[in-house]
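Working notes, beginning with the structure itself.
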Protein chains: 2
Amino acid sequence: MPDRVLSMNLATLRGDCNFATAVDRCLEQDVTAISPWRDQVEAIGLREAARIVQTNKLRVTGLCRGGMFPAGDAEGRNKAHEDNLRAIDEAAVLGAECLVLVVGGLPKNSRDIADARKQVVEGIAAGLPRARAAQVPLAIEPLHPMYAADRACINTLDQALDVCAMLGEGVGVAIDVYHVWWDPNLAAAIARAGKMGCILAHHICDWLVPTNDLLLDRGMMGDGVIDLKGIRAMIEAAGYFGPQECEIFSRDNWWKRPGAEVVKTVVQRFNSVC
Amino acid sequence: MPDRVLSMNLATLRGDCNFATAVDRCLEQDVTAISPWRDQVEAIGLREAARIVQTNKLRVTGLCRGGMFPAGDAEGRNKAHEDNLRAIDEAAVLGAECLVLVVGGLPKNSRDIADARKQVVEGIAAGLPRARAAQVPLAIEPLHPMYAADRACINTLDQALDVCAMLGEGVGVAIDVYHVWWDPNLAAAIARAGKMGCILAHHICDWLVPTNDLLLDRGMMGDGVIDLKGIRAMIEAAGYFGPQECEIFSRDNWWKRPGAEVVKTVVQRFNSVC
């Protein structure tokens with residue numbers, strides 16, 4: 001069994017870090033795999049970000065994010081398409097192992113989630129030739145159903161896998177425990193993802209009780225109710241031994257703490273409860 | 001096709017009404033079907049609540065709620081069982097057409113959702129003889145996955161139907177649009193529920209964008225993104241033409257308004273967008 005690898009999703013360090021200082025905080029704790037967000041890359045410039053990656057021989061386990069496909073009109077859909085092409089190119093420059101897709105929810109004033117889902121498939125399909133050419137796999141991230149309206153209308157792993165099956169090579173899934181832990185069909189879906197060779201990423205954090213904000217109240221591993229080791233066992237049984245990527249949005253807790261403390265805690269929890 | 005019936009879940013009128021005044025507000029708008037919560041019944045007394053129901057020839061479409069089965073030890077499970085027996089008896093006294101079950105989430109300090117789900121099945125099974133004897137059908141309400149940890153670990157309609165299939169006569173489902181609207185498998189699951197003869201209730205409200213609170217920010221029908229008529233069509237196609245029960249928890253909006261205004265709005269929306 002390969003060594004376990006921790007990757008730091010740089011959103012976890014939004015509190016007091018930019019791309020460069022986030023990397024410094026990671027390296028101080030021997031974390032050499034990262035997954036940045038596009039706004040963090042843009043803030044220091046793509047070329048500088050790539051230089052930091054190469055100089056430090058960092059592994060970029062993913063770039064967050066493409067997606068947001070559904071729109072009310074052709075202009076909106078086209079804008080999304082252009083933006084996704086740019087995201088693919090950026091991922092290629094950074095040497096990212098995948099581009100994570102948060103696929104988007106309902107267009108403004110729409111109540112037609114079936115149509116939004118259709119637009120998502122069309123949107124991914126449209127970007128796929130570029131992604132294949134650039135050798136950037138697209139990782140559909142099924143998001144928790146509480147985001148179905150405004151962030152992602154792909155809400156279960158099985159639903160994401162159905163899209164993968166439809167679109168073929170170059171599309172896979174990012175399995176984030178926060179989004180899927182509740183799914184009564186999770187074990188079977190993960191096994192299916194393994195058989196399809198579709199698992200591109202494994203994101204970790206925790207579900208807090210109570211959860212005080214739908215978006216920005218994720219917990220540090222170990223502070224919530226997710227059976228992290230249990231889900232990891234399912235993912236390993238499915239043949240995936242890639243990095244576990246820690247992604248915590250936490251406005252009122254971890255984003256208020258110094259990045260150094262956050263990284264230390266992530267490493268400690270990764271080694272004890274994940 | 002039978003006339004459509006609106007039922008008022010009395011939680012919708014928590015702002016300034018007790019059981020008795022809530023009924024008055026409903027009757028003023030010719031709403032003669034209600035679904036009370038047990039604390040509302042307890043506050044005026046079961047006998048007085050039943051008297052109000054009978055005097056006004058009200059239809060009681062459900063009693064909220066039984067459930068909360070999982071517990072960390074036998075004592076906790078037994079307490080839950082005793083409480084569920086009381087709930088069944090109260091439902092019988094009120095002539096409620098079903099007892100709605102919010103089945104409960106993870107016991108304190110547990111991360112074992114599979115075990116919680118097992119406890120739920122055992123808990124329902126334990127109460128079933130009494131429910132059958134009292135002719136009070138038990139309505140499992142699958143709750144939105146965002147409540148999996150703390151309120152209900154049955155999170156999809158299909159999962160609830162699996163439990164119904166296991167337990168047989170006397171158990172069905174309450175389909176609340178708020179909890180199920182996002183489900184990619186919704187149409188098939190509703191059809192399955194119809195074939196099983198399992199649909200006991202159809203609850204309505206709306207999903208707001210943004211949603212500012214996980215529990216208490218439900219929207220009035222028409223103010224959100226749920227395709228209410230579309231889901232109603234699925235439910236009618238499955239053979240259910242029973243009441244649509246309006247249940248809105250809205251701490252910062254509807255609970256701040258006078259009950260009379262809330263009932264008027266519910267009736268108006270029921271007639272226009274549901």
field: Salt-bridge contact A:Asp176-A:Arg218 (side-chain N to carboxylate O under 4.0 Å)
entry: yes

field: Region of A:Asp227 in contact with chain B, defined by heavy-atom distances below 4.5 Å
entry: both

A:Val209, part contacting chain B, at a heavy-atom distance under 4.5 Å: side chain

query: Thinking salt bridges, do A:Lys79 and A:Asp73 make one under a 4.0 Å N-O criterion?
result: no

- request: Pick one of side chain, backbone, both or neither for A:Leu214, based on which atoms fall under 4.5 Å of a heavy atom in chain B.
  value: both

task: Using a cut-off of under 4.5 Å on heavy-atom pairs, state which of B:Asn109, B:Thr211, B:Asp150, B:Leu215 scores highest against chain A.
output: B:Thr211

- prompt: Using 4.0 Å as the upper bound for N to carboxylate O, is an ion pair formed by A:Asp39 and A:Arg14?
  reply: yes

- prompt: Heavy-atom distance under 4.5 Å to chain B: side chain of A:Asp183, backbone, both or neither?
  reply: backbone

message: Applying the side-chain contact (heavy atoms from CB on, under 4.5 Å) criterion to A:Arg117, which one of A:Asp112, A:Asn155, A:Val103 satisfies it?
response: A:Asn155

query: So which part of B:Asp213 gets closer than 4.5 Å to some heavy atom of chain A, the side chain, the backbone, both or neither?
result: backbone

- prompt: Non-hydrogen atoms of chain A under 4.5 Å away: do they reach the side chain of B:Ser110, the backbone, both or neither?
  reply: backbone

query: B:Met220 and B:Thr265: side-chain contact (heavy atoms from CB on, under 4.5 Å), yes or no, with the steps?
result: CA-CA 8 Å; B:Met220 178 64 66; B:Thr265 309; 4.0 Å; yes

- request: Identify which part of A:Asn185 has an atom lying under 4.5 Å from any heavy atom of chain B, answering side chain, backbone, both or neither.
  value: neither

query: How long is the gap from CD on B:Glu169 to SG on B:Cys198, to the nearest 0.5 Å?
result: 11.0 Å

- prompt: Can you tell me how far the CE atom of A:Met68 sits from the CZ atom of A:Arg151, to the nearest 0.5 Å?
  reply: 6.5 Å

statement: If you tally heavy-atom pairs under 4.5 Å between each of A:Thr156, A:Ile226, A:Leu228 and chain B, the highest tally belongs to A:Ile226

